[in-house]
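Just so we're on the same page: letters track the sequence lines, and every chain starts at 1.
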Amino acid sequence: MSNIPKNLRYTPSHEWVKQDDDVLTIGITDHAQCMLGDLVYVELPEVDSQFQHGQECAVVESVKAAADIYCPIGGEVIEVNEAALGNPQLINEDPYGKGWLFRLRPFETPATILLNAEEYSKQVASEAH
Amino acid sequence: MSNKNKKSPIIFELSQPGRIAKSLQPHIADNIDLPTHTLRQTAPLLPEISELQAVRHFTRLSQRNFSIDTQFYPLGSCTMKYNPRGVHRLASLEGFLQHHPLSLEEDSQGFMACAYELQEILKEITGMHAVSLTPMAGAQGEFAGVAMIRAYHQAKGDTARDEILVPDAAHGTNPASAVQCGFKVREIPTDAQGNVNIQELQKAVGPKTAGIMLTNPSTLGVFEKNILDIALIIHQCGGLLYYDGANFNAIIGKIRPSDMGFDVMHLNLHKTFATPHGGGGPGAGPVAVNARLAPYLPIPMVAKENQHYRWLTEQDRPQTIGRLSTFMGNAGIILRAYLYARLLGREGMQRVAEFATLNANYLLTRLKAAGFTAAFPQRRATHEFIITLKNEAKTLHITALDVAKRLLDYGFHSPTMYFPLLVPECLLIEPTETEAKETLDMFADTLIAIMKEAETQPELLKQAPHTLPVRRLDEVKAARELDLVYDVTRGA
Amino acid sequence: MPFIPHTPANIKTMLDTIGVNQINDLFNEIPTELTQSSQPQPSRHISSGLTEMELALLMQARAKQDAGRLCFIGAGAYEHYIPAAVWDIATRGEFMTAYTPYQAEASQGLLQLFYEYQTMMASLMAMEISNASLYDGASALAEAVLMAVRLSANKQSVILMPTTIHPHYCQTVRTIVEQQHLTLHDVAYDKATGKVTAASLSTLESATALVIPQPNFFGVLEEVDALTDWAHQHNILVIAVTNPIAMALLKPPGQWGQQGADIACGDGQALGIPLASGGPYYGFLCTRKKFARQMPGRIIGRTTDLEGKPGFVLTLQAREQHIRRAKATSNICTNQGLMVTASTIYMSLLGPEGLRRVALASHQNTRLLCEQLRTIPGIQLLFPSHYFHEIAIQFATPVEEILQNLAKKHIQAGFSLKKAYPELGNALLICATETKTAENIALFVDTLKECLREHDYVE
C-alpha cells in the first residue's frame, strides 16, 4: 500500500497539495510515481504563469508513460523545483519532500474540491480492481 | 544468433587516420575555386577503414538481429509475412534504379505503367473510386485521409466540424494524425465484446463530428460487428468514415471497406503487400477514397490517356490537399507492392485473408486448450488475437514482458506487448498466412514450455533473455543520460 | 498457392482442431451482406497470378523502357556512384526483413548501426545530435518547421521561406503544416545573384525561424554566415536545408555564423541511395542537444545491460504517438531504416576523404560543363555566383524543345525551371556529379549545340 500522508490534500488525478499560509505546494503522490515507474523527465510551468483549475501545467515522463499534471487550484506559479528538473529521480525517491513540483499562490481558497487522505485512499483502492 | 559473447566494437573504434578504401575514391583535380569562407575546415567524424573492415563490421551487425528471413515474427498489427525475393530482384532492375524522378514522361513509361496498374488494383480490392499512392507510410496516409475529410467539409462551408472520433483501442497514430490536421480528438469506449460502444458513440456524434477513424478488424483482433450501424450513425450526422488499413490482411479479397461504409482509407503496403520492413521503414501508405473525396487526393497521381501514362499534378487537380513528398512517395515500395499483387493475382489475394485467419484461429485454439486466457474468448480470431496474462501475473508474478523476453531465447520474435492498452498484460499475436503449421505448433509448444518454467523456475523468465548479445537493457539510464552520438574523446 | 505453405492435410487438421468444417466458417462473424456484396465479379484489373518467371519477362521489358539515359538532372535527386558493397550488405535479410527494433535485445545490430549513423550524420552537419531519420527531405523540412514552432512556443509563428528552397519542399511543407496556425512567408531571391540577401529580410525581424538552403535550389551558395547571424540577432531560429554530400566540402550548418544553425535537415539520398523514380530516400534531422526532446522521429541511445555491457535502445519514446497519442511531437512511427543502413555503409566505405572527393569531383565536373556551355552562343549562366554541383542556364530556345530533342538522343538535359520560376524564362537546372566523364560532358555539349543549330536552321 502506498504512502498517503494525513496532513495533505489530494486530487483524483493523483496530485497532492500542501497549504502553508497563502502558498500551495504541489507534487504527485507516491501511488502515482509508483505507477509511472522511474521518471526520466519533468516539465514544469514558468514562474509567474497563471493556470485555471484543472488546466494542464506540467508533465512527468517515465520510459514507458507520460502523465500530464493538472493544476489542482487556479493560481499563479511562484516557484518551481529546479532540483527535480535536473534530477527527476527525486520524485520517485521522495515524492512528498524533495520531489515537490511547484508552488502556487491560489486565486481562490482550496477548500472543498480537494480530497482528504481517507477519500484519496479509497479512490486508489478502487482503481486497483 | 549465437554470438552471445562476441564483442561488437563501434565502427569508429576500428578507424585509423589515413586508412582509405582507394578504389572507391573518385579522381579530383587539385584546385578549388570556391572561397575559403564557404569551405569546411575540419573533417567530419567518419570511419577511416578498409573495405573489408566495413564489410565485416556490417555483416556482423546484421547477425545481431532478428528478422523474418531468420525467425518467426508474430508481431501483432505488423503483418510480418514473407517478403518474396523475386519481388526485390525485379524492383532492383537497373532501368528502375537509375530512373530519375524528374525524367520526362516519355522516359518514365515503364515505372508509370506499374504505378497506374497498382492504383487500379487497389481501387478494385477496396471498392473505392480513386487512389493516390504517394503517402510514404501509414501515418502519412492517415494524415492525408484526415486532411481530405477536413477539405471536404470546408468546401461545403461546414466549418463547425472540428472533432474526430477515435475508439479507445485505436493505434496511437490515429489521434496523433487527427491533431496534426487541426482536429480535436474524442475517444469512444469499447464494450465487453471488443466492439465500439454504440450508446456512447450516439452520445458523442453531432454537428461537430467531422468523422471517425476505425480499423476493422479492430486492434483487439475481432471483427467490428456493428460496422454498418456505425456507418449509418456517422453518415446521418454528416460525418465521414476513415478506415485505417493496418489490419487489411484480415479481409483482403473477402470484403471491401467501401461496402462497410467507409469513405476514405489508407493501406499499409509494407504489411498487406509484403514489402520489406527494413528495420523500421521504408513503408508506403496509399490512400483510397470514394467519389466525393476524390478531388482532394494528394498529388502526384498517374493517369492513362491513349496508351500514354501521364502525371496528374496541381494543374489537373486544383482541389488537391497538396504534395506530401519531394517526388512520388516511396516509389520503390510502390513497385514492390505492384509486383507482389501480380504474383498473387485475384485468387491469391483472397487466400491471403483466408490463411491468415486460419493460422490465427488455429494458434488461438491450441493456446486456449493449453490454458491460456483469450482476451475475448467468445469471439473468433481474425488475422490476429490477444491473450492476456493477467492471471499469471497474479499467481506466478510474471509479466507479459517476461514471457516476451523468454521467447527470444527460444528463437522466436516476441508478439506485440502491452498493446492495445485496454487489455492488461497482453500479447497481440499475428502469425500471417506465410507460416507453416509446424512453425505454429513449435511456437505454441514453446509458450506452453515457458509457462511451465514460470511455475518451476520463474527466474529464467524474469532474467531473460539469456542467449542474446546483450541482457535486458537499462532504458531509464538511456533516457536520463542521453548518449545519442559517439564521442571519440571519451572512447568506448 | 503463392507463399502459402499449407497442404490439404494441414488444412484438414487445423480446421478439425478449431472445430469448423471449412475456412469460410471462420468469417461467420462478418455480416453476410458484406461478404456477399464483395464476391468477385469478373475482375477488370486483377488478373490471375503470374509465376516469378512470367513476371520477370514483363518487368524486364518495362525496366528497359526507362533505362539507358545519360542523366544531367539533379533538382533534389542526385546520381552518385554506389559501391557494390553498400546494397550487397544492406539487403541481407537480417537487415531488410526486420521490423522497428522494439525488442532491443533482438535488434542490437540495427540499433548499433543507427547509433553509428546518428554520429556520422551529426558530425557531417557539425551538429550535436541527430535522429534516426524521417521519410524524405521535403517532409523532414516540414517536421523541422513544426519543431521550430514548438521550440519558440510562439502562438503567432512566422516561418521565413526563401523561394530558393526546392519548390516541391515548399509545397510539401505547406500541405503538412497547413492546419497549425503558422504563416509561411516567402522571401524573394536577388535577381542578379540567385540568392537571398540579409537586407531583404529587414522588415521580418519578428519571425520564428528562417530556413536557409545550402546549396540552394539553383545550385548557388547562399551567404550562410550573414543570414545565420542576422537571424540570431533577432532571436530567430535557423533551419538549414542541405545536401549531405556538399557538406563534406562546404562549411556545415553547425559552423554557420557565430552560433551555427539550430536545426539541420535535408534528404539523405545522395549518400548511397539510387534515384529509383524518387524513393524510397530518407530525411535527416540534426539539432542541438538541448532541443532533443522536441526532435521528431526515432532516436537511438546507448546504455548498458544488467551485466554492465554496453547496448543500444530506442529512447525518448514517451514523446511518440504510441504513448502520447494526441499529444505526440509528431504522428511518425517509422524511420527509413533500410535507407539509413545503406547510407551508413556508404559513408563508412568512403570515409571523410572519399566523401570530400565525391563532392569536389561533382563540383569540378559541373564547372567543366558550365565552362563548355558558356561557349555556345545563345546560352547564358543565370547567376554569376559560386555554385556547388548545379547551375541554372538560360536559353533563347524553348526548353521543352531542347529537352525533347536531347531525349531522342537518350540525354536527359536537366530540369525545366519554367513552371516553378516563370520569371526566369527558358531556363534549365543542370547537374553533373562525379559519375559524368569528360566524354559524357562533351557528348552533352555537342548534342546540345547540334540541337540549337537545327532549331536556328528551322527558324
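Looking at B/L228, only its side chain comes within 4.5 Å of chain C, counting heavy atoms on both sides. For chain C, the nearby part of B/P465 is the side chain; its heavy atoms alone come within less than 4.5 Å. Interface residue C/L221: only side-chain heavy atoms are found under 4.5 Å from chain B. With a threshold of 4.5 angstrom between heavy atoms, B/Q180 approaches chain C through its backbone and through its side chain. Looking at C/R367, only its side chain comes within 4.5 Å of chain B, counting heavy atoms on both sides. Only the side chain of B/E117 has a heavy atom closer than 4.5 Å to any heavy atom of chain C. Interface remark: B/Y82 contributes side-chain atoms only to the contact with chain C (heavy atom separation under 4.5 Å).
Across B/K405, B/R472, B/R471, a single residue satisfies side-chain hydrogen bond (donor to acceptor under 3.5 Å, both in side chains) together with C/E105, and that is B/K405.
Most heavy-atom pairs under 4.5 Å with chain C: of the set B/L324, B/V352, B/T70, this distinction falls to B/L324. When the candidates B/T357, B/L408, B/I32 are compared by the number of heavy-atom contacts under 4.5 Å with chain C, B/T357 comes out ahead.
Checking B/T326 against C/D136 by side-chain atom types alone, a donor-acceptor pair falls below 3.5 Å.
Between C/H168 and B/F327, the angle of the ring planes goes over 60°, which puts this pair in the perpendicular group of the 30/60° scheme.
Between the CD1 atom of B/I11 and the OG1 atom of C/T344 there is a distance of 8.5 Å, given to the nearest 0.5 Å.
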